[in-house]
Visitor: 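Take a look at the following structure, please.
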Amino acid sequence: MELSGWGRALSAEVRAWRPERAPGLAEAFRAEREDGVIVYAGGRSYGDAPLNGGGDVIMTGRLDRILSADWETGEVVCESGVTIGDLMRVALSHKFIVPVSPGTGFATVGGGLANDVHGKNQHRHGSFGDHVQWVDLMLPSGEIKRITPVGDTADLFNATVGGIGLTGIMLAMSIKLRRVKSNAVLMREKKARNLDEFLAMQEEAREKHAYVVGWIDATARGRSLGRGIMESADDSQGETDAPMGGRKRMPVEMPGYAMNPVSIGLFNALYYHRLPFGGRERQAPVTQFLYPLDAIEDWNRLYGKRGFYQFQCVLPEAESAVGLRKLMEAISDAGTGSFLAVLKSMGKWGRGHLSFPMPGYTLALDFPHKPGVIELLERLERITLDHGGRIYLAKDGAMKAESFAQMYPKLDEFRAVLDRIDPNRVMDSDMSRRLKIRG
Ligand SMILES: Cc1cc2nc3c(=O)[nH]c(=O)nc-3n(C[C@H](O)[C@H](O)[C@H](O)COP(=O)(O)OP(=O)(O)OC[C@H]3O[C@@H](n4cnc5c(N)ncnc54)[C@H](O)[C@@H]3O)c2cc1C
């Protein structure tokens with residue numbers, strides 16, 4: 001079958017296995033193959049991390065059982081194909097929350113760990129790997145090993161966190177949930193007139209609030225460069241009975257030309273001006289706050305058949321103000337535009353050898369797959385490198401191998417683990433080959 005990343009700009013013909021239960025997965029894994037295998041889970045990575053053109057892919061979507069839960073301590077054991085959104089709904093009904101959640105509830109816990117995903121609370125609660133207590137990993141040899149963040153298996157654990165599926169297949173994991181008082185957050189929205197104001201507001205907000213995120217109008221120029229809306233939120237004391245957020249489908253595939261600088265600029269301007277200058281405050285279901293884009297189930301069809309690329313980088317704190325300005329200028333000069341760009345501050349390093357997070361600021365944008373987009377991505381990659389930053393593998397589909405090696409200083413440690421556990425290169429993916437991750 002043909003599979004694509006969420007951005008739909010990259011796709012691959014693969015031989016797919018879709019086991020119903022763990023024994024079926026073991027069978028699929030033992031199958032004779034020549035061209036390696038990788039897991040495709042929720043398919044919410046934008047580029048080629050879960051693709052393996054010409055080779056095998058094991059789809060874990062049906063391995064979606066919660067195996068046990070202790071509602072005193074918040075320790076949950078679940079199969080790797082459980083979606084973070086499903087786990088979140090179950091957890092909330094017991095007054096717990098998945099401590100770290102990406103911007104979509106359709107990502108699975110396996111995908112969450114393999115990219116060491118972060119949420120709007122990275123500055124306070126770190127990334128996904130910080131809350132996983134153990135993983136049952138099927139190694140490339142077929143052996144199943146329980147790996148933990150401390151002890152003999154710590155090195156393998158740190159290679160698996162953020163290791164984009166290359167250390168083997170995660171079967172199940174134990175996650176420590178965070179206790180909350182209710183299913184809601186108290187959120188505030190405020191306008192920032194430009195990038196400097198935005199950064200000052202975020203710096204102040206992250207000291208005080210659990211969740212902080214900014215939506216930037218990436219089409220604004222000159223004195224308005226970097227204008228946008230900042231959201232901050234905290235756990236609410238009281239429940240909300242507002243709907244947790246319904247789902248609509250994109251009724252049709254949008255034609256590629258619908259996504260042009262005029263429509264994108266208009267959308268960004270409307271979004272910015274919808275909020276009064278004084279801002280506003282309201283209580284919202286936490287799932288609605290965390291997953292605003294999930295309201296339209298297959299919104300990636302907005303970009304038409306050719307799809308889109310997402311670019312996300314993080315810059316270290318000291319370089320953020322200058323580097324972000326250069327990135328925003330390059331984007332507005334290119335004139336391709338982007339629907340709302342997301343700017344978030346990060347406060348902690350990820351624990352994995354290839355984890356993305358570092359203290360600083362992260363910027364994420366979507367670009368339609370049109371002529372000129374690869375050149376723009378190359379410029380952004382250069383600026384990121386020049387400012388000591390890195391590009392996020394969960395979003396990437398275009399970075400060069402040399403840049404990747406410079407951005408991820410623990411690559412050698414990661415390679416050493418792979419050489420030890422997978423000398424025959426059983427695990428493989430389009431991303432691994434493109435970025436020459438195996439060397
Ligand atoms: C709307 C949207 C918002 C997003 N927001 C954020 C965000 O705020 N923060 C963030 O960090 N990310 C974000 N993401 C990215 C997303 O969270 C990650 O790409 C995540 O890894 C997707 O999980 P998945 O289950 O879809 O995995 P896939 O995309 O299918 O796979 C991702 C990687 O995980 C590996 N993998 C998955 N399951 C297993 C397993 N069982 N064993 C071994 N390897 C496995 C795959 O091989 C692949 O390398 C967002 C994505 C979307 C579409």
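Fair warning: this is a prediction, and the values are worked out from it, not measured in the lab.
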Visitor: What's the verdict on salt bridge (Lys or Arg N to Asp or Glu O under 4.0 Å) for Arg382 and Glu378, showing C-alpha distance, side-chain angles and the deciding distance?
Guide: CA-CA 6 Å; Arg382 187 70 252 162; Glu378 278 170 5; over 6 Å; no
Visitor: Rounded to the nearest 0.5 Å, what separation is found between the CD atom of Glu381 and the CD atom of Gln406?
Guide: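 Reported value, rounded in 0.5 Å steps: 9.5 Å.
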Visitor: Can you name the residues that form a salt bridge (Lys or Arg N to Asp or Glu O under 4.0 Å) with Asp155, not counting sequence neighbours?
Guide: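 If we apply the salt bridge (Lys or Arg N to Asp or Glu O under 4.0 Å) test to Asp155, skipping adjacent residues, the hits are Arg420.
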Visitor: For Asn121 and Pro99, work out which heavy atoms get closest and say how close.
Guide: ND2-O, 2.9 Å
Visitor: Sequence neighbours left out, what passes side-chain contact (heavy atoms from CB on, under 4.5 Å) with Ala200? Give chain and number order.
Guide: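 Counting only residues at least two positions away or on another chain, Ala200 forms no side-chain contact (heavy atoms from CB on, under 4.5 Å).
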Visitor: Do Phe198 and Lys190 make a side-chain contact, defined as non-hydrogen atoms from C-beta onward lying under 4.5 Å apart?
Guide: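 Phe198 vs Lys190: side chains apart.
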Visitor: Working to the nearest 0.5 Å, report the span between CZ of Arg44 and OG1 of Thr83.
Guide: 9.5 Å
Visitor: As an exercise, state the distance from CD1 of Ile84 to OG1 of Thr287, rounded to the nearest 0.5 Å.
Guide: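 It is 13.5 Å, given to the nearest 0.5 Å.
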Visitor: Does the side chain of Val161 reach to within under 4.5 Å of the side chain of Val135, using non-hydrogen atoms?
Guide: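 No. Closest side-chain heavy atoms not under 4.5 Å.
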Visitor: Can Arg434 and Asp430 be counted as an ion pair, charged N to O under 4.0 angstrom?
Guide: no
Visitor: Under a 4.0 Å threshold between the charged nitrogen and the carboxylate oxygen, would Lys181 count as salt-bridged to Asp235?
Guide: no
Visitor: Is there a donor-acceptor pair closer than 3.5 Å between any side-chain N or O of Thr384 and the backbone N or O of Leu380?
Guide: yes
Visitor: Would you please name every residue forming a ring-ring contact (aromatic ring centres under 6.0 Å, His included) with His209, sequence neighbours left out?
Guide: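 Per chain and number, His209 pairs via ring-ring contact (aromatic ring centres under 6.0 Å, His included) with no residue.
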Visitor: With a 4.5 Å cut-off on side-chain heavy atoms, are Val342 and Ile216 touching?
Guide: no
Visitor: Would the distance check show the side chain of Asn115 and the main-chain N or O of Val117 forming a donor-acceptor pair, the cut-off being under 3.5 Å?
Guide: no
Visitor: List in chain and number order the residues that pass ring-ring contact (aromatic ring centres under 6.0 Å, His included) with Tyr408, two or more places apart in sequence or in another chain; answer none if no residue qualifies.
Guide: Phe404
Visitor: Can you name the residues that form a salt bridge (Lys or Arg N to Asp or Glu O under 4.0 Å) with Arg179, not counting sequence neighbours?
Guide: none
Visitor: Got a sec, which residues hit salt bridge (Lys or Arg N to Asp or Glu O under 4.0 Å) with Glu281, two or more places apart in sequence or on another chain?
Guide: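 By the salt bridge (Lys or Arg N to Asp or Glu O under 4.0 Å) rule, Glu281 matches Arg188.
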Visitor: Kindly write out the residues that satisfy side chain to side chain donor-acceptor pair (under 3.5 Å) with Glu20, not counting sequence neighbours, or none if the list is empty.
Guide: Arg62
Visitor: So, Asn158 and Arg351: side-chain donor and acceptor under 3.5 Å apart, yes or no?
Guide: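 Their side chains do contain a donor-acceptor pair, which is all the 3.5 Å distance test asks for.
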Visitor: Hey, are the side chains of Val100 and His131 touching, using non-hydrogen atoms and a 4.5 Å cut-off?
Guide: yes
Visitor: Are any side-chain N or O atoms of Asp130 and backbone N or O atoms of Ser127, one a donor and one an acceptor, separated by less than 3.5 Å?
Guide: yes
Visitor: Do other residues, nucleotides or ligands put more than 12 heavy atoms under 6.0 Å from Glu2 CD?
Guide: yes
Visitor: Checking Val314 against Tyr361 for the side chain to side chain contact (heavy atoms under 4.5 Å, CB included) test, could you report, in this order, the C-alpha distance in whole Å, the side-chain angles of both residues, the deciding distance, and whether it holds?
Guide: CA-CA 5 Å; Val314 57; Tyr361 281 89; over 6 Å; no
Visitor: Who pairs with Ser182 by side-chain contact (heavy atoms from CB on, under 4.5 Å), at least two apart in sequence or on another chain?
Guide: Ala184, Ser236, Glu239
Visitor: How long is the span from the CG atom in Leu166 to the CG atom in Leu354, to the nearest 0.5 Å?
Guide: 8.5 Å
Visitor: Say you draw a straight line from CG of Leu302 to CD1 of Ile296; how long is it, rounded to the nearest 0.5 Å?
Guide: 6.5 Å
Visitor: Closest heavy-atom contact between Ala218 and Ser332?
Guide: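 Closest pair (atom of Ala218, atom of Ser332, distance): O-CB, 3.9 Å.
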Visitor: Run Phe289 and Tyr211 through ring pair (Phe, Tyr, Trp, His ring centres under 6.0 Å) and show every step you take.
Guide: CA-CA 10 Å; Phe289 170 72; Tyr211 301 96; 5.5 Å; yes
Visitor: Are any non-hydrogen side-chain atoms of Ile38 and Met431 less than 4.5 angstrom apart?
Guide: no
Visitor: Quick one: ring-ring contact (aromatic ring centres under 6.0 Å, His included) pairs with a partner in residues 371-398, sequence neighbours left out?
Guide: His118-Tyr392, Phe356-Tyr392
Visitor: Going by heavy atoms in the side chains, are Leu418 and Thr167 under 4.5 Å from each other?
Guide: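 Heavy-atom side-chain distance check passes, below 4.5 Å.
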Visitor: Is it true that Thr362 and Gln312 share a donor-acceptor pair across their side chains at a distance under 3.5 Å?
Guide: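 There is such a pair (donor and acceptor under 3.5 Å, judged by atom type) between the side chains of Gln312 and Thr362.
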Visitor: Once side-chain contact (heavy atoms from CB on, under 4.5 Å) is applied, do any residues pair with Lys410, and if so which ones, sequence neighbours excluded?
Guide: His353, Glu413
Visitor: Just so I know, are the side chains of Leu393 and Leu435 near enough to count as touching, which here means a heavy-atom distance under 4.5 Å?
Guide: yes
Visitor: Which heavy atom in Asp366 sits nearest to a heavy atom in Tyr46, and how many Å separate them?
Guide: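 Asp366 and Tyr46 have their closest heavy atoms at OD1-CE2, 4.1 Å.
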Visitor: Using a 6.0 Å cut-off, check whether atom CZ of Arg379 has over 12 heavy atoms from anything other than its own residue.
Guide: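 No.
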Visitor: Within the distance-only criterion (no hydrogens, no angle test), does the side chain of Asp234 pair as donor or acceptor with the backbone N or O of Ala210 below 3.5 angstrom?
Guide: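 Yes; judged by distance alone, with no hydrogens or angles, the pair exists.
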Visitor: Determine whether more than 12 heavy atoms belonging to other residues, nucleotides or ligands lie under 6.0 Å from atom CD of Glu375.
Guide: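 Yes, the 6.0 Å shell around CD holds more than 12 heavy atoms from other groups.
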Visitor: Are Leu156 and Val417 close enough that some pair of their side-chain heavy atoms sits under 4.5 Å apart?
Guide: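 A side-chain contact exists here, since the closest heavy-atom pair is under 4.5 Å.
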Visitor: If the condition is side chain to side chain donor-acceptor pair (under 3.5 Å), which residues does Asp333 pass it with, not counting sequence neighbours?
Guide: none
Visitor: Are the side chain of Gln122 and the backbone of Gly347 linked by a donor-acceptor contact shorter than 3.5 Å?
Guide: yes
Visitor: For the pair Ser429 (side chain) and Ser432 (backbone), establish whether a donor and an acceptor sit closer than 3.5 Å, ignoring hydrogens and angles.
Guide: yes
Visitor: Please confirm whether the backbone N or O of Met399 pairs with a side-chain atom of Asp396, one donor and one acceptor, at under 3.5 Å?
Guide: yes
Visitor: Spell out, as yes or no, whether a donor-acceptor pair under 3.5 Å connects the side chain of Arg390 to the backbone of Ser355.
Guide: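 Pair found, side chain donor or acceptor close to backbone of Ser355.
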Visitor: Any idea which heavy atoms bring Ala49 and Ile164 closest together, and the distance?
Guide: CB-CG2, 4.4 Å
Visitor: Applying ring-ring contact (aromatic ring centres under 6.0 Å, His included) between Trp6 and each of Phe106, Tyr40, Trp299, report the one that passes.
Guide: Trp299
Visitor: Thinking salt bridges, do Asp196 and Arg325 make one under a 4.0 Å N-O criterion?
Guide: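 Here Asp196 pairs with Arg325 in a salt bridge, since their nearest N and O are under 4.0 Å apart.
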Visitor: Among Thr73, Val76, Asp70, which residue meets the side-chain contact (heavy atoms from CB on, under 4.5 Å) test with Leu177?
Guide: Val76
Visitor: Among all residues two or more places apart in sequence or in another chain, which pass the salt bridge (Lys or Arg N to Asp or Glu O under 4.0 Å) test with Arg280?
Guide: Glu189
Visitor: Please verify the inter-ring angle class for Phe96 with Trp71; under 30° counts as parallel, over 60° as perpendicular, anything in between as tilted.
Guide: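 Because their plane-to-plane angle lies in the 30° to 60° range, the rings of Phe96 and Trp71 count as tilted.
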Visitor: I'd like to know if the side chain of Thr60 and the backbone of Leu63 have a donor-acceptor N/O pair within less than 3.5 Å.
Guide: no
Visitor: Could you grab the distance from atom CH2 of Trp134 to atom CD1 of Ile175, nearest 0.5 Å is fine?
Guide: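 Answer for the CH2-CD1 pair, Trp134 versus Ile175, is 10.0 Å.
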Visitor: Does Glu197 use its side chain to pair, donor to acceptor, with the backbone of Arg227 at less than 3.5 Å?
Guide: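 Between the backbone of Arg227 and the side chain of Glu197 there is no qualifying donor-acceptor contact (under 3.5 Å).
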